[in-house]
**Student:** 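Below: one structure in structure tokens.
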Amino acid sequence: MENKLTRTLYAVPYMLWIVLFVVAPILLVLYYSFFNIDGQLSFDNYEKFFTPVYLKMIVSSFWYAFLITAITLLVAYPAAYLLTKTTHKQLWLLLIITPSWINLLLKAYAFLGIFGTYGAANSFLEAIGIGSQQILFTDFSFVFVSVYIFIPFMILPIFNSLNDLNPTLLDAANDLGASKWTTFRRVIFPLTIDGVKSGCQVVFIPALSLFMLTRLIAGNRVITLGTAIEQHFLVTEDWGMGSMISVFLMITMVLIMVLTGTRKRGA
Amino acid sequence: MGNVPIIQFHRVTKQYDNDPPVLNDVSFEIERGKFYTLLGPSGCGKTTILRLIAGFTEASEGEIFFNGKKINTVPANKRQVNTVFQDYALFPHLNVFENVAFGLRIKKMKQPVIEAKVKEALNFVNLKGYENREIREMSGGQRQRVAIARAIVNEPEVILLDEPLSALDLKLRTEMQYELRELQRRLGITFIFVTHDQEEALAMSDEIFVLNKGKIQQSGTPTDIYDEPINRFVADFIGESNIVKGNMIEDYLVEFVGRQFECVDQGLDKNEPVEIVIRPEDLEITSIEQGKLKVKVDSILFRGVHYELSCYDQDGNEWLVHSTKKAAVGTEIGLFFDPEAIHVMRLGETEEEFDKRLEAYADVDQDGK
């Protein structure tokens, strides 16, 4: 009996945390989403959401998030694969993860300097004779910086699943006549798909709601749902609409989690 | 064609960096359609030989031939050998059918052909009807069979088995020994089996290579190796042995533990120092008067089929006796043995010299008749 009591006691701080900072805010956001700008209870926000302005924003948000996730995956998978082949893999992994400890804002400002008119990137382009370009405030710079920021989060789960791969399986595939490429396609990739999935979740969901980068790096040329939420809460003070978009994002996230959910496979 | 050995190693050495070689100047031939066992303690180089044949690793020196063709640099996926791995290495994301079909799909065979072959292979290993099972739903013994089916379905000329029974419990292991041996007879292809279990090797093989420290110590049939071990290592590793130092007084007469005994060995130098092996089952318990040796029983263990007695003589040599008779601990008993039970080993004799000496005995035997 006492044992059970102490166990419940241990759970109290965590339960409090969940209720105060997860459940309550979600309920509040849901509650606010049913109030229009004049503070009246209505479905106005939900109707407004399905107008072309917002639909376009949804499409553009999803498109950028998709692009960022795809490019991150293309860079991260080979990198993670190479990492598992190095002798000091944990050290290399640490070096790759380190940038993710630096504040996001600081990294964004660093890129402002690098991509700016007189920045390192343009000096390089001058030097090789292409000439100065407008890099900052373009789609390119937005996607590039986003990919840079998300790479460690993609590498980590893929590295872990590659690292857990039994090397004898590769010998076995080879023994049964598979070339390197066939081994990758038939054995390595299918067995690391769980790592790829969790990597994509970790990248795609935050990428949907990026807002700081859209302003700093993309100069508000890219408007995502995240930007819209920020603007509604801070600029137009239409808390109802902001909440409504948040509700939409939350539903999307849950859907993505369910759809890409990992089934446990036997070892 | 029939006379060309299927696999031949010619002075093969395998060495990593500056470490002592894992395999040191090893040469041997593997004949078609026989069951071979590479036997030795861990780190003796037996798995390295297997990996060299499979193509997972390359020889540092020497040549490897397959069907008379040099294959040193042929990649593993182009070799006509298939491996059954120690941990089976079945693909966890594929079911039993797809695991077995893996090699056939790579060869781009047609679906009906694949289905027929997989079915046949699964029948062969008694796994009929398990096609749609997931690997995680299979027991250890069943996984073992899937791994074997996955190898034989490709119709290789040689199957390599890397300690495939070591993860199974004793009863299942014995069962699988029978099955593997039977399978090899039915298929008629060459099996190369790696193990550190001497009983397994004796029970299954046509031919055994005993390895130690990167060298083949002795090769031969199970009975040859058991009855005529070439040196202390082989005698000790294969079965239980009593090994004592001795002196070859003259042909058919050997001295050990301070007494002279009649034996069947000849052709050695006079007064040559030798080592004597007597197997525990060749020692009989008898009265002190009738015994050739007088020993004191130190301990006794019941082993099921026999008792195992550990005895000491006056000089402190230990004598292991396997007997169906019992003797009380602390009593003195006599031990009797036939002249044939004495195996004489020369010190530092190579396998070549050893074989020559054995042949000489055979000639003498024939002359006598």
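Letters A, B, ... mirror the listed sequences (proteins, then strands); counts begin at 1.
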**Student:** Do A/D175 side-chain atoms and B/A76 backbone N/O form a donor-acceptor pair below 3.5 Å?
**Tutor:** no
**Student:** Check whether A/T182 gets within reach of chain B through its side chain, its backbone, both or neither, counting any heavy atom under 4.5 Å.
**Tutor:** side chain
**Student:** Evaluate whether atom NZ of A/K56 has more than 12 neighbouring non-hydrogen atoms of other residues, nucleotides or ligands under 6.0 angstrom away.
**Tutor:** no
**Student:** Where do B/I106 and A/G177 come nearest, in terms of heavy atoms and distance?
**Tutor:** CG2-O, 3.4 Å
**Student:** For atom CD of B/E137, is the number of surrounding heavy atoms from other residues, nucleotides or ligands below 6.0 Å larger than 12?
**Tutor:** yes
**Student:** With a 4.5 Å cut-off on side-chain heavy atoms, are A/D171 and B/R51 touching?
**Tutor:** yes
**Student:** Around atom CD of B/E63, are there more than 12 heavy atoms from other residues, nucleotides or ligands closer than 6.0 Å?
**Tutor:** yes
**Student:** Does B/H93 use its side chain to pair, donor to acceptor, with the backbone of A/R186 at less than 3.5 Å?
**Tutor:** yes
**Student:** With side chain to side chain contact (heavy atoms under 4.5 Å, CB included) as the test, pick out the partner of A/L176 among B/N154, B/N77, B/T83.
**Tutor:** B/N154
**Student:** Can you tell me how far apart CG (A/N174) and CZ (B/R79) are? Round to the nearest 0.5 Å.
**Tutor:** 10.0 Å
**Student:** Which answer fits B/F91, side chain, backbone, both or neither, if we ask what part of it has an atom under 4.5 Å from a heavy atom of chain A?
**Tutor:** both
**Student:** Do you know which of B/N82, B/V81, B/V153, B/L90 has the most heavy-atom pairs under 4.5 Å to chain A?
**Tutor:** B/N82
**Student:** Please say whether more than 12 non-hydrogen atoms of neighbouring residues, nucleotides or ligands are located less than 6.0 Å from CZ in A/F144.
**Tutor:** no
**Student:** Does B/E31 have more than 12 heavy atoms from other residues, nucleotides or ligands lying within 6.0 Å of its CD?
**Tutor:** no
**Student:** Starting at CG of A/L191, measure out to CG of B/L94 and round the result to the nearest 0.5 Å.
**Tutor:** 7.5 Å
**Student:** Might you confirm whether atom OH of A/Y81 has over 12 heavy atoms from other residues, nucleotides or ligands at distances under 6.0 Å?
**Tutor:** no
**Student:** Inspect the surroundings of CE in A/M250 and state if more than 12 heavy atoms from other residues, nucleotides or ligands are less than 6.0 Å away.
**Tutor:** yes
**Student:** Would the number of heavy atoms belonging to other residues, nucleotides or ligands and lying under 6.0 Å from NZ of A/K107 be above 12?
**Tutor:** yes
**Student:** By a 4.5 Å heavy-atom criterion (distance strictly below it), what part of B/R150 contacts chain A: side chain, backbone, both, or neither?
**Tutor:** both
